[in-house]
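All values derive from a computational prediction rather than experimental measurement. Note that the numbering runs from 1 along the sequence shown for the chain.
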Amino acid sequence: MTHAAALTRIYDCVAPGALSTRALATAKLGIFDILGCIVGGSATPTARTVRELAQAQSGGAGPVSVLGTRARLPAAPAALANGVAGHVLDYDDMNSTMVGHPSVVLAPVAFAIAEALGRSGRALLEAYVVGFEVNGHFGRTMVPRHYDAGWHSTASLGIFGGTAAAARLLGLDAKAALNALAIAASNSAGLRGNFGSETKSLHAGQAAEGAVRAALLSARGFTANPDVFDAPGGYFSTYGRNDTPRAAPANGALEIETSGIGIKPYACCGAGIAVIDAALELHAEHALAGASIATIDIVLSPMATSIMPFHEAHDGLQAKYSIAYCAAVALLDGKGGLAQFEDERAARGDVRDLVKRTRVTADPSKVSGAGKFGTDMRVTLADGREFATQLEVPRGHPTRPLEADRQLDKFLECAAPVLGEPRASQAARLLEALEAQDDLAPLIELLCPVEAR
């Protein structure tokens, strides 16, 4: 089967009103998680810079809300602004098949089109799942080769899922959706070399923006080569594919029902989640609060060290990509939330000194992949005592999901400082029944503060 035929078939994989219980629950979880991240991220200088540029370029008016603010923009620049806001905290969900963050592209796209056209919560969820399945096809075909070559697949692959979601909400048939995907193929971008900078979050925003644009162009009859995925010199031959694509889920199951999504319990790069988990385990088990730590030794996979290339972090963004910093701040603070990755925290002497006394070693034998990052950690105290732990499956992994109250706590941690806790809590309640929302306007209104920022 050609890729064009496979993508056409995947696009029609979800009949209206026919989501399985598992697919519906996973889609709702992803949207709940990313909306908190978008609202929280909207307050950052990074999101503000992109938002102000989008307002200046578009005239500052449109039908789509920039969440966490009172701004409204046309659909494509709104998706850009919401995508950047959703990724700048690096707190958004993950999927092992695409080795990326699915919801940070899918949700800004789906909400942009759904708000502009007055679509329901059920329609939005179905579009999200269609996009997730398209992401899965690209992930199975291209990862790990594509990712290992330096591409940031959240953006370079995520644009296709976003395009499919937009096409579904626009009511495009499979032929027009394939045409939209072919348009998007010439907008696939995002380099891992920009991890630890503001541009990493721009990757997600530009993928969301490009997805909306590609679907809207296709809806207007704009053309692309439908064979671009199979042709020599086309997408897969240029961007890198596996010698043997991984098999699709068996027995007609959906990707979202099998690989699912991982919800981050800590506000750092995915490879740092296991590091913080291990540090917090030692912190709690051995009552290390206030203890004098001499050294930290960490062993994990080469993939983890390549994703997190910084040792000493110059600011909060770099700290999210420093294995040593993740371990040090978790041992010092007993936490790994947003506050641990603020610029002010990253600049303090206690964590900087402990980072200098932290050794990180890459071991090819350590587990890496499918959302798992095998981690060995040993902490030596100034009095000579040593404590060690090993961890493979971090909290938040689909096989070790976060508890519902922890998911809510995370949403409020992100959204309440922007919206106020009563407004954020009310939005959370509406999101619990997203599929029942025939009109998304009340929910979207709650996700914007009362006063302009």
Side-chain angles (χ1 to χ4, degrees), residues 11 31 34-35 37-39 41-42 47 50-87 102-128 130-131 134 155 158-172 176-177 179-184 186-189 201-222 224 434 437 439-445 447-448:
Y11 181 72
I31 289 172
I34 191 59
L35 289 178
C37 293
I38 292 172
V39 172
S42 71
V50 172
R51 180 170 69 247
E52 289 174 351
L53 178 61
Q55 289 173 308
Q57 291 182 328
S58 66
V64 178
S65 300
V66 180
L67 304 180
T69 79
R70 300 304 302 182
R72 298 178 71 85
L73 293 169
L80 165 69
N82 285 327
V84 170
H87 202 45
S103 296
V104 76
V105 179
L106 291 173
V109 170
F111 270 86
I113 301 297
E115 184 177 11
L117 299 182
R119 301 294 191 241
S120 68
R122 169 69 67 167
L124 185 146
L125 287 161
E126 291 171 356
Y128 176 101
V130 169
V134 168
I159 190 172
F160 298 108
T163 300
R168 172 69 178 244
L169 286 163
L170 287 166
L172 302 189
N179 183 67
L181 292 171
I183 296 170
S186 285
N187 287 270
S188 170
S201 59
L202 181 63
H203 294 170
Q206 71 187 15
E209 178 186 33
V212 170
R213 182 174 57 244
L216 290 175
L217 284 170
S218 188
R220 289 172 174 262
F222 195 88
L434 180 58
Q437 309 299 317
D439 182 0
L440 291 172
L443 169 63
I444 292 171
E445 173 61 23
L447 292 169
C448 301

Which donor-acceptor pairs under 3.5 Å do the side chains of residues 74-84 make with protein atoms, sequence neighbours left out?
residue: Asn82; atom: OD1; partner: Leu67; partner atom: N; Å: 3.0
residue: Asn82; atom: ND2; partner: Ser65; partner atom: O; Å: 3.2
residue: Asn82; atom: ND2; partner: Ala78; partner atom: O; Å: 3.4

Can you see which heavy atom on [X] is nearest to which on [Y], and at what distance?
{"X": "Ala177", "Y": "Ala167", "answer": "CB-CB, 4.0 Å"}
{"X": "Phe160", "Y": "Ala184", "answer": "CE2-C, 4.0 Å"}
{"X": "Ala164", "Y": "Val130", "answer": "CB-CG1, 4.1 Å"}
{"X": "Ala85", "Y": "Ile38", "answer": "CB-O, 3.5 Å"}
{"X": "Val105", "Y": "Ala207", "answer": "CG2-CB, 4.0 Å"}
{"X": "Leu447", "Y": "Val39", "answer": "O-CG2, 3.8 Å"}

Practice task
Could you walk me through whether Ile183 and Thr163 pass the side-chain contact (heavy atoms from CB on, under 4.5 Å) test, one step at a time?
Solution key: CA-CA 9 Å; Ile183 296 170; Thr163 300; over 6 Å; no
Check whether any side-chain heavy atom of [X] sits under 4.5 Å from a side-chain heavy atom of [Y], and report yes or no.
{"X": "Val64", "Y": "Leu73", "value": "no"}
{"X": "Pro442", "Y": "Gln437", "value": "no"}
{"X": "Leu169", "Y": "Leu117", "value": "no"}
{"X": "Leu35", "Y": "Phe111", "value": "yes"}
{"X": "Ser42", "Y": "Val66", "value": "no"}

With no hydrogens and no angle check, is any side-chain donor or acceptor of Tyr11 less than 3.5 Å from a backbone partner on Arg168?
yes
Exercise for the section: Measure the spacing between CG of Leu181 and OG of Ser188 and express it to the nearest 0.5 Å. Expected result: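 Leu181 atom CG to Ser188 atom OG measures 11.5 Å (nearest 0.5 Å).
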Show your working on side-chain contact (heavy atoms from CB on, under 4.5 Å) between Leu434 and Leu440 and close with a plain yes or no. CA-CA 9 Å; Leu434 180 58; Leu440 291 172; 3.8 Å; yes
Step by step, work out the salt bridge (charged side-chain N to carboxylate O under 4.0 Å, His left out) result for Arg72 and Glu115.
CA-CA 11 Å; Arg72 298 178 71 85; Glu115 184 177 11; 3.4 Å; yes
ask   = Which pairs, with at least one residue in residues 204-221 and sequence neighbours excluded, count as a side-chain hydrogen bond (donor to acceptor under 3.5 Å, both in side chains)?
value =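 The answer is Asn179-Ser218, Asn187-Arg213.
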